[in-house]
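Reading through the structure tokens given below for one structure.
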Amino acid sequence: MYRKLPKELTQMSLEQEILDFWDRENIFIRSLEINSKFPRFNFFEGPPTANGKPGVHHVISRTIKDIGCRYKAMTGYYVERKGGWDSHGLPVEISVEKQLGLSNKREILDYGVENFNKHCKDSVFTYLKEWEFITHRIGFWLDLENAYITYQPYYIQSIWWIIAQFFNAGLVYKGHKVLPYCARCGTGLSDHEVALGYQDTEDPSIYVMMKLRSPLPEETEIPVNTYFLVWTTTPWTLLSNLALAVHMDYEYLLVENDGRNLLIVKERADAVLGEGNYRILRKFKGSELKDLDYDPLFDFVESDKRSHYVLLADYVTTDDGTGIVHIAPAFGKEDYEVGKRCDLPMVQLVDEQGNISQEAIPFAGKWFKDADPEIVDDLKNRGLVFKIGTMVHSYPFCWRCESPLIQYARSGWYIRTTAFKDEMIRENDRIKWYPPQIGSGRFGEWLKNNVDWAISRERFWGTPLNIWICDDCGKTHAIESFAQLREMSVEPIPEDFNPHKPDVDYMKLKCPKCGGQMTRTPEVIDCWFDSGSMPFAQYGYPFGISEEEFMTKFPADFIAEGVDQTRGWFYTLLAISTFLKGVSSYKTCVSIELILDKNGRKMSKSKDNVADPFKVIERFGADPLRWYFLTTSQPWLPTRFDEDSVNETLRKFFDTLRNTYNFFALYADIDGFIPDGEVPNTLDNVMDRWLVSRLNTLIAQYREWMDDYQMTRAARGIQNFVIDELSNWYVRRNRRRYWGSGLYDDKLVAYKVLWQALITVCELMAPIAPITPELIWRELTKSGREKWGDSVHFRQIAKPNYNLIDEQLEMQMGYVIKLVELGRLARNIAKLNVRQPLSQLIGIVPEGIELSQALVDVVKEELNIKSILFSQNEKTIYKYSAKPNFKTLGKRFKSEMNHVKELIESLTSDEVCRGMENGDWSIMLDDHPVSLVEEDLVIKVTPKPEFTVTSDKGITVAINTKITPELRAEGLARETVNRIQNTRKEAGLEVTDRIELALVTMDEELRNSIEMHKKEIANETLASKLHLEPLENPLYMREWILGQVKLQIMLSKIDS
RNA sequence: GGCCCAGUAGCUCAGUUGGUUAGAGCGCAUGCCUGAUAAGCAUGAGGUCGAUAGUUCGAUUCUAUCCUGGGCCA
């Protein structure tokens, strides 16, 4: 028995049943075993951190990953799918800080690093259950049991080895640089981390005046009341201002404005001062301003070195500001460079925690951002502020804690990635990117501007940076394995030591150079280095795996992650493997765009528009959600997420598929059809040939698309096939073939074809939405479990059989469908429903289109038409008549004109037509033949009265609307059948039940019609006995009105 | 400010190697069909294919500029 899948079986419970089955029968693991004989297809899982709840955007990326892997597994590859978890880094630390009520590094140190890290380790998997649940629930087959975790010792050892390779190649250095710094987290950030946190924000926009204290060029007096006009959006850096910079080539103006003299670049004068609000006193070239001194705004720090004077710098622009740039070497990359070049002193009046230093007395201890208004007020009180406003601009924030970043001079460790930048660019060109512009554009451009990777973080929970420094001679050494650590260690190291802070900090090494004691540098490694190392570290390379085995698992053939990983994981993967192996660690990369809410806005907690995947899945199921994501738009386009559309996917696609299966199951059960998987090579039925052809075309297209990661097209292809072609055309057209009793040949073939189509659809769907097709497939193959196997996921997806593709037929069927549509439209217009048979349809189709009798029969049946005539000749449906053109003929015939008119108007349609063919019409005027040409006549074309005509795209259909008494009788009989069937259903009968039937009416015409078609009616309705008199004790009775006429239907069930 | 993506029906999206009348689903209206039935089919209304200019016999499609939205970067 084929199980029916009724409405009561919700998508939710259907899916649960299969998920349980997979668990119970170990289907995933077994699928791996089955495929182990195939060549490998490598997939790398980009590790998520399980310390946040998975969102709907995680569902799409996990779906894409799953589809990529499943498709390859079903087309001849062994796809190992090792899961992984990211566990280190700031996100974890920050959530623990919150949890413990700590707010900065100092407090963490006071709390104790050991305890702090213990909490971090525990918190990593706060939402592990949710992650495992969603992974499992959406059917993402991922080996979570053997997942790598970046905090595991073997993983860390691998990272150490990698760092040591960089170190030994001379690519690791310690640098003192200005870098983006999060004062709250107390750590510098790498460029790709900074890139994650740009936000539009409102900052003060302040123009300050810095008073000149040396004479202007060619003058000797110090000018009175004269100021440099300087713009900044970071007032707190003014405390540490040490110089001003101008561009040597720009023209600067000394202007009088509101009683004081200001210096400003010419291009900005109108914008800043207001057009006409100033009077130009003098002009200078930037270079002339060099070395002019000015009064410091603040005098917190004394220095021997010269400061507070004008410098020249190329980076000064006239895009905004005043063309005079304030320089605080501690708080800007360029400022720092200039400061070094000009030997400015170092003044850094913000401490590592982001508070104003003690020296800056009135503001000391304030968070740098909070000091802004007070600094501005102070300057304002001293009359040094020209203008205050605010401006919205894009400013970097810490990607996890959301504090504003500052440029801050720090020391840190770097990897000289610029040394192999060209190799990375070359490797990037070899990666197949979806969409391509990510690779060539966003990522490619970024690689061209590659800067060295700042890999150290002054934090706690991370892979400790494995560099030890000799306390005596300063030698540095990068430990490359635990074995080497033990070897060089002063104290013995226990077997199960914890390679984290603070334990590792206590380990001292013996300096190989001077024999002194070496201490580890205190930093941890950027957690992006962890994830970027995963191709190696997930196997503990080079320790836990042989080179040979490793190279079979490297590089990845396919990865897929959110587009925000471009400068994150995509970069770190490329950088590390390009250095170690000279190649990219991935060949194909699908980048997945944002999921927006239904209004096109980014989902965010603050807007309360974040879709909860658990709820969506509970309502509509995981397969519909997956299918929706795939079909709604390409994964690399931003997708608007709309729950209603998921529901629509469920109803339109999944329910249609189930209905189609249910239809098959219903009849296949009755007839006891057992599939053998064979479809005859020659099919008599044109619908069968067509469906098989379409099916093979679909397989061919599907494979082509999926091979090219055009998953959206593939899914849409399946969907259109199932809904339009399989369900609404093939099954609907063929229903009758399944109705008769007995398993005769034609019916057997019909079952085979439908079975094959359903099986194939399940196989094609399986990678995309794996659960539902598993259930249907298993039902379809139930009778041959041994032969077919336990799961659709053990199957290899069919290859197209090109011999079965008949493009001619597919095209012709296109015409059939079009003819049917036009026929229905014509019936609509003529207000003739389909149950009323009609005598004739005339179709006018383009030349060269020939339809076989079988296809013509399809049109006939579908439209309930007795005969169809094809014609290139419009004469058959149109009537032509002619009228005289008085303009030309009037002059010619003068008084005879009236007679001529009569003659012309009396021309038959055929005569007019003949004239149209040879361009000559002749009439007999009083025995004289008179010849007329085209311009003498006005020809009118009208459909013949018995036709209703419709046309579209070069096809014209005319139906003959004349209804003869015979046709009418037949129509009435069909109406009667329809009412009987409805009655049967109301009475709750099975479609196979036989009945005794009585049809009672007072209307003579209806009664005669029934009498005339008694046999057909009885046949159609499985009536063993048909009476025209009332039954004694009917099981069910119902009165219907046909048009104006009453019909009483009574029926009883007959036990067979 | 630079780069990338998108802009097609009320909404979500197809499509166009440049070619007669630009499509689907949803929603709305009307009709039909129903032995798959909480489905299905057809029809209708609804489009300056973001704007302008250019190339061309012909542009929604190619080119340029601009506008709007999104992303990335400065």
Side-chain angles (χ1 to χ4, degrees), chain A residues 4-8 191-192 194-196 198 315 317 319-320 393-396 435-446 448-449 562-564 566-567 591 593-594 596 598-602 628 631-634 636-642 644-645 647-649 651-653 655-667 670 712-713 716 719-720 723-724 727-729 731-732 734-736 738-740 817 820-836 862 864 950-954 974 977-978 980-982 984-985 989-993 1020-1022:
Chain A
K4 314 297 181 293
L5 308 177
K7 276 273 168 320
E8 296 72 53
D191 276 17
H192 47 265
V194 176
L196 296 170
Y198 273 88
Y315 67 83
T317 69
D319 294 343
D320 46 25
H393 62 158
S394 179
Y395 190 86
Q437 65 269 11
I438 292 288
S440 58
R442 189 187 287 196
F443 196 49
E445 289 302 316
W446 143 272
K448 278 184 204 153
N449 300 316
V563 69
D564 54 339
T566 308
R567 285 159 172 79
S591 110
E593 256 290 356
L594 286 174
L596 309 167
K598 68 184 292 186
N599 299 314
R601 292 176 312 174
K602 199 169 171 172
Y628 160 77
T631 49
T632 189
S633 68
Q634 303 275 15
W636 45 81
L637 294 175
T639 302
R640 297 185 180 199
F641 181 78
D642 180 9
D644 294 342
S645 304
N647 189 27
E648 190 188 320
T649 300
R651 283 185 8 250
K652 292 218 85 97
F653 178 62
D655 284 354
T656 301
L657 180 66
R658 270 167 73 162
N659 268 339
T660 307
Y661 162 77
N662 278 337
F663 174 84
F664 169 86
L666 176 67
Y667 293 104
I670 294 170
T712 296
R713 288 193 166 191
R716 283 175 175 164
Q719 181 164 304
N720 291 338
I723 296 176
D724 294 336
S727 170
N728 289 339
W729 190 245
V731 171
R732 192 167 58 78
N734 282 277
R735 277 177 296 192
R736 284 185 170 269
Y738 303 90
W739 292 348
I817 290 169
V820 168
E821 279 174 13
L822 288 169
R824 274 202 276 254
L825 174 57
R827 273 185 172 277
N828 248 324
I829 292 168
K831 297 215 182 304
L832 290 167
N833 66 27
V834 180
R835 277 192 291 266
Q836 176 59 58
E862 187 68 16
N864 196 16
T950 53
S951 67
D952 186 43
K953 309 227 153 114
R974 280 198 52 169
V977 167
N978 169 249
I980 298 166
Q981 303 292 25
N982 286 338
R984 282 183 60 119
K985 184 168 287 177
L989 297 182
E990 296 292 322
V991 295
T992 46
D993 287 338
E1020 288 283 305
T1021 60
L1022 297 187

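Every chain is numbered from 1, with letters handed out A, B, ... down the list of sequences. Keep in mind it's a predicted model, so treat the numbers as computed, not measured.
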- Using Watson-Crick and G-U wobble pairs whose two distances are both under 3.5 Å, how do you write the pairing of RNA chain B as dot-bracket, with | for links to another strand? (((((((..((((.....[...)))).(((((.......))))).....(((((..]....)))))))))))).
side-chain contact (heavy atoms from CB on, under 4.5 Å) with [X]: which residues, sequence neighbours excluded?
X: Asn978(A); value: Arg835(A), Asn982(A)
X: Thr632(A); value: Tyr628(A), Thr639(A)
X: Leu666(A); value: Lys4(A)

Backbone of [Y] reached by a side-chain donor or acceptor of [X] within 3.5 Å:
X: Arg732(A); Y: Asn728(A); value: yes
X: Arg984(A); Y: Thr1021(A); value: yes
X: Arg567(A); Y: Trp446(A); value: no
X: Ser645(A); Y: Phe641(A); value: no

Sugar-phosphate only, base, or nothing, as touched by [X] at under 4.0 Å among non-hydrogen atoms:
X: Val563(A); answer: nothing
X: Thr566(A); answer: nothing
X: Thr631(A); answer: nothing

Could you check how far [atom1] of [X] sits from [atom2] of [N], rounded to whole Å?
X: Asn978(A); N: rG35(B); atom1: CG; atom2: P; result: 6 Å
X: Asn647(A); N: rC11(B); atom1: CG; atom2: P; result: 21 Å
X: Leu822(A); N: rU21(B); atom1: CG; atom2: P; result: 18 Å
X: Asp642(A); N: rG27(B); atom1: CG; atom2: P; result: 12 Å
X: Leu666(A); N: rG35(B); atom1: CG; atom2: P; result: 13 Å
X: Lys448(A); N: rG2(B); atom1: NZ; atom2: P; result: 17 Å
X: Ile980(A); N: rG35(B); atom1: CD1; atom2: P; result: 11 Å
X: Tyr661(A); N: rA36(B); atom1: OH; atom2: C1'; result: 13 Å

How far does the [atom1] atom of [N] sit from the matching atom of [M], given to the nearest Å?
N: rG1(B); M: rG58(B); atom1: C1'; result: 39 Å
N: rC67(B); M: rG50(B); atom1: C1'; result: 7 Å
N: rU61(B); M: rU55(B); atom1: C1'; result: 13 Å
N: rU56(B); M: rC11(B); atom1: P; result: 37 Å
N: rG44(B); M: rA24(B); atom1: P; result: 10 Å
N: rC33(B); M: rA42(B); atom1: P; result: 15 Å
N: rC26(B); M: rC41(B); atom1: P; result: 8 Å
N: rC5(B); M: rA14(B); atom1: P; result: 15 Å

- hbond_proxy Gln981(A) side chain to rG35(B) base (donor-acceptor, 3.5 Å cutoff): yes
What's the shortest heavy-atom distance between [X] and [Y], and which atoms?
X: Tyr738(A); Y: Tyr667(A); result: O-CD2, 3.6 Å
X: Ile438(A); Y: Ser591(A); result: CG1-OG, 3.7 Å
X: Val834(A); Y: Glu862(A); result: CG1-O, 3.8 Å
X: Glu1020(A); Y: Gln981(A); result: O-NE2, 3.0 Å
X: Pro435(A); Y: Trp636(A); result: CD-CB, 3.2 Å

Which listed nucleotide ([options]) is nearest to the side chain of [X]?
X: Val731(A); options: rA36(B), rC72(B), rC32(B); result: rA36(B)
X: Tyr667(A); options: rU12(B), rG35(B), rG25(B); result: rG35(B)
X: Glu593(A); options: rG71(B), rC73(B), rA14(B); result: rG71(B)
X: Ser727(A); options: rA14(B), rA36(B), rC73(B); result: rA36(B)

- Query: Can Arg827(A) and Asn864(A) be said to form a side-chain contact (heavy atoms from CB on, under 4.5 Å), step by step?
  - Reply: CA-CA 11 Å; Arg827(A) 273 185 172 277; Asn864(A) 196 16; 3.8 Å; yes
- Query: Is the closest side-chain heavy-atom distance between Leu637(A) and Glu593(A) below 4.5 Å?
  - Reply: no
Check nucleotides 4-8 of chain B against the protein and report each pair of N or O atoms closer than 3.5 Å, with its distance, or say if there are none.
none

- Item | First of Glu648(A) and Ser645(A) reached from the 5' end of RNA chain B, by closest nucleotide | Ser645(A)
- Item | Toward the 5' end of RNA chain B, by each residue's nearest nucleotide, Leu1022(A) or Thr632(A) | Thr632(A)
Atom pairs under 3.5 Å, N or O on each side, protein against nucleotides 39-41 of chain B: can you list them with distances?
residue : atom : partner   : partner atom : Å
rG40(B) : OP1  : Lys652(A) : NZ           : 3.3
rG40(B) : O3'  : Asn728(A) : ND2          : 3.0
rC41(B) : OP1  : Asn728(A) : ND2          : 2.8
rC41(B) : O2'  : Arg824(A) : NE           : 3.1
rC41(B) : O2'  : Arg824(A) : NH2          : 3.1

- Message: Below the 4.0 Å mark, does rG15(B) have OP1 or OP2 next to a side-chain nitrogen or oxygen of Arg713(A)?
- Response: yes
- N or O in side chain of Arg735(A) less than 4.0 angstrom from rA36(B) OP1/OP2: yes
